[in-house]
Amino acid sequence: MTQHHQDQHEPAAGNTADGRIKKPRHKKFQTQSYGERMAADAAAASPAAGEVRDDTARGERRGGPTQYSDRGVRSYDRAPVKGYRAERANQPRREDDRPQYRRDDRPAYKRDDRPSYQRDERPTFKRDERSRDERPSYQREERPRNERPSYQRDERPRFERSDRAERPTYGRDDKQHTKRDEAPVDLGTVAPDNQFAELGIAPRLIQRMARDGITTPFPIQAATIPDALAGKDVLGRGQTGSGKTLGFGLPTLMRLAGGRTESRRPRGMILVPTRELAMQVHDALEPLAHVMNVSLKLIAGGLPYPKQIDALRRGVDLLIATPGRLIDLCEQGAADLGAVEIAVLDEADHMCDMGFMPAVTTLLDMTPASGQRLLFSATLDNDVDTIVKTYLKDPVTHSTESGQATVTTMEHHLLVIEPGHKQSLTAELASRDGRTIVFVRTKLGADRVATQLRDRGVMAAALHGGLTQGARNRTLDQFKDGSVPVLVATDVAARGIHVDDVGLIVQADPAADHKDYLHRAGRTARAGGKGAVVTLVLPHQRRGMVRLAESAGVDAEPVRARPGDQLVTELTGGNKPSGYPVKLPAPKPQRFGKGGGKGGKRFGSSRPGRGHDSRGGSGPRRSNGPRRTDGKSYQH
DNA sequence: AAAAAAC
């Protein structure tokens, strides 16, 4: 191909002065796909990066780098198409799959930076308008009959379709029907000295909480509830386990009670950083929401779309959501945040770090500025500050605790160890009776340490974000019900997750900063219980760790330690790992019912089920998923 | 720097 010939077909690329062809315009479309990112992560963490990779690894199945980049590049290599279709055909084949908020390739004059609720063309879900056809019938082309997505389709003839009453109950979680059934509130049963009443909480909420033994507000609740009820923006700071959930939950429910919520336009939104946390907040608020006739819905990734979309369409008062899925639903037009009266940001310091910030601001931008905003956080640092400045109006700040380690029932130990002892020491510490959480730095590390512990006779399971949602739930359930006493986790479990009676936290990899340290430590000594936090420190980490402990307000001197030392024995109660490998308890077999019966209804199911992986008991395991990485070597 | 958050 001559130079002349080439120029003919690449006029758009434009030449630079030195005669080289500029980068093609669609270079920007070559962003990493999800599968690619995962593969890249794995490759980066593995010492074998760049060498021959196992073809059955995760990346391959999800459309790994080889396949994908081939596809992306092909449009350059192909002979250019001429003629009227040229422009279209020479476009890259791949769609841009970045989320809307990260895609701003339009020229500045075309951009619209106004929040969506201020724009005229709101991206609402326009099924109704679309189905209306103004043209005379002879001009209409035949449309396929079933345009609705499969989950909305009803194939049966109309006369056979069931009415509301016959719909299965799992499809009806809009608690609207309870409005009429609600018994009149008996004010007499609220104890006169109940302090929640003094804060202004509705009697029926007080009664409901009293049934669960909640009669006295925690300090953070006492501090923030009155202001939140008064409609002010609140900035609440309290340590994990200090009762923040009710601190924002009660005012939110009070505010949303009895109002009208339009289809797809929720009036309340609670944002949390992890799916597990979303689930926990949802479960904590559900009974309370019920007595207030407030409908709520969990909106999180890893769950089927249809029920979430359906709930939104019917109209749900309050969303408890992780950012990614909620943005997704808004882009689809299934949700519209333009009617949100009260928005809550939980674990704000985490939600405001670099990775999360764009998603959070996108969502907050979609809510009306006139709405009330509550922001709760364990610590307040620079990132939180920018959110506060941008989105809160004259916020009232309440900090009940210093943000440092003030729980007196918690003891901290810094053990300076030799690198070769880390495994055996971890195993020894984890072999104690009672629940233990071992924190590690990476996903791969979590898998590796869990395997090592099981090989040494300690029943341990890994928990991290690379597992399927089903596996995450199963593991957490097993940890809660005691069948697996040791959880090896990344920082996915560092924040907010509440499990009773975790007596020991082992930081096999030290926390990255003092905030992470305190969050991890906060998994133990909850609700006044006792607990210990042991950090394994390698010699070269010692200086940094001492400084970190200082800024965390932790009073602990680094101590040299070896397996079998007296201090270690005290912490473990003298237990030693058996040395005989153990296997994880088999997941309980679950009947696989088509059409979504009861089993695995929601990822909060307390039953350990097999979820999507269910394909009968003894069949070969599908060759995917992070468990493959178990045996991979890994170095610090 | 890792982890988390969407198919």
Side-chain angles (χ1 to χ4, degrees), chain A residues 31-38 40-46 61-63 68 94-103 149 151 270-279 298-306 308-309 319-332 334-335 345-364 383 439-449 462-469 472 488-497 507-513 515-517 519-520 541 544 548 603 612 626 634-636:
Chain A
T31 58
Q32 281 184 321
S33 71
Y34 181 72
E36 237 189 328
R37 269 202 313 275
M38 298 290 283
D41 277 0
S46 154
R61 194 180 66 84
R62 299 193 179 172
Y68 174 71
R94 251 192 86 79
E95 294 275 314
D96 188 347
D97 58 4
R98 284 174 298 170
Q100 189 68 51
Y101 65 93
R102 291 177 55 185
R103 235 194 275 164
Y151 56 84
I270 297 174
L271 290 182
V272 291
T274 66
R275 296 174 188 173
E276 276 75 9
L277 204 50
M279 193 176 92
L298 181 64
I299 302 287
L303 297 166
Y305 281 87
Q308 295 179 4
I309 293 174
L319 304 183
I320 292 137
T322 50
R325 178 61 69 90
L326 186 52
I327 289 176
D328 188 353
L329 291 177
C330 289
E331 284 179 354
Q332 288 188 33
L345 220 60
D346 192 13
E347 298 290 344
D349 54 335
H350 193 201
M351 308 269 309
C352 292
D353 82 1
M354 267 177 19
F356 263 128
M357 190 71 126
V360 171
T361 53
T362 303
L363 286 168
L364 287 176
D383 296 332
F439 278 108
V440 294
R441 199 173 57 92
T442 65
K443 295 187 246 197
L444 240 52
D447 283 331
R448 178 183 49 107
V449 171
L463 182 74
H464 57 73
L467 301 167
T468 63
Q469 192 57 51
R472 279 164 76 166
V488 184
T490 61
D491 281 329
V492 69
R495 289 157 194 267
I497 300 297
Q507 306 202 58
D509 296 325
D513 58 38
K515 285 187 293 176
D516 287 345
Y517 183 100
H519 279 297
R520 287 173 167 193
Q541 297 168 327
L548 192 151
F603 68 63
H612 303 303
Y634 177 86
Q635 289 173 347
H636 277 283

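Note on naming: letters A, B, ... go to the chains in the order of the sequence lines (proteins, then strands), and numbering restarts at 1 for each one. Note that this is a predicted model, so its numbers are computed, not measured.
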Separation of B:dA4 P from A:Asp328 CG (nearest whole Å):
19 Å
Can you list everything that forms a side-chain contact (heavy atoms from CB on, under 4.5 Å) with A:Thr274? Sequence neighbours excluded, please.
A:Glu276, A:Leu277, A:Val492
Sorted by chain and residue number, the side-chain contact (heavy atoms from CB on, under 4.5 Å) partners of A:Leu548 (sequence neighbours excluded) come out as A:His514, A:Tyr517, A:Met545
Selected nucleotide, minimal atom distance to A:Thr274 side chain, candidates B:dA4, B:dA2, B:dA6
B:dA4
Round to a whole Å and report the spacing from CD of A:Glu347 to C1' of B:dA3.
14 Å
Is any side-chain heavy atom of A:Thr490 less than 4.5 Å from a side-chain heavy atom of A:Thr442?
no
Is the phosphate of B:dA3 approached by A:Arg275 (side-chain N or O, under 4.0 Å from OP1 or OP2)?
no
Rounded to whole angstroms, how far apart are CG on A:Asp353 and C1' on B:dA2?
10 Å
What is the distance, to the nearest angstrom, from the CG atom on A:Leu298 to the P atom on B:dA5?
12 Å
Between P on B:dA2 and CG on A:Asp447, what's the gap in Å once rounded to a whole number?
17 Å
Base, sugar-phosphate, or nothing for A:Asp491, non-hydrogen atoms under 4.0 angstrom?
nothing
Mind checking whether A:Tyr305 and A:Leu329 have side chains closer than 4.5 Å, heavy atoms only?
yes
Of the candidate nucleotides B:dA6, B:dA1, B:dA4, which contains the atom at the shortest distance from the side chain of A:Thr322?
B:dA6
Rounded to whole angstroms, how far apart are CG on A:Asp349 and C1' on B:dA4?
13 Å
Is the distance from OP1 or OP2 of B:dA2 to the nearest side-chain N or O of A:Thr490 less than 4.0 Å?
no
Rounding to a whole Å, what distance do you find between A:Asp516:CG and B:dA3:C1'?
9 Å
How many Å lie between CE on A:Met351 and C1' on B:dA4, as a whole number?
10 Å
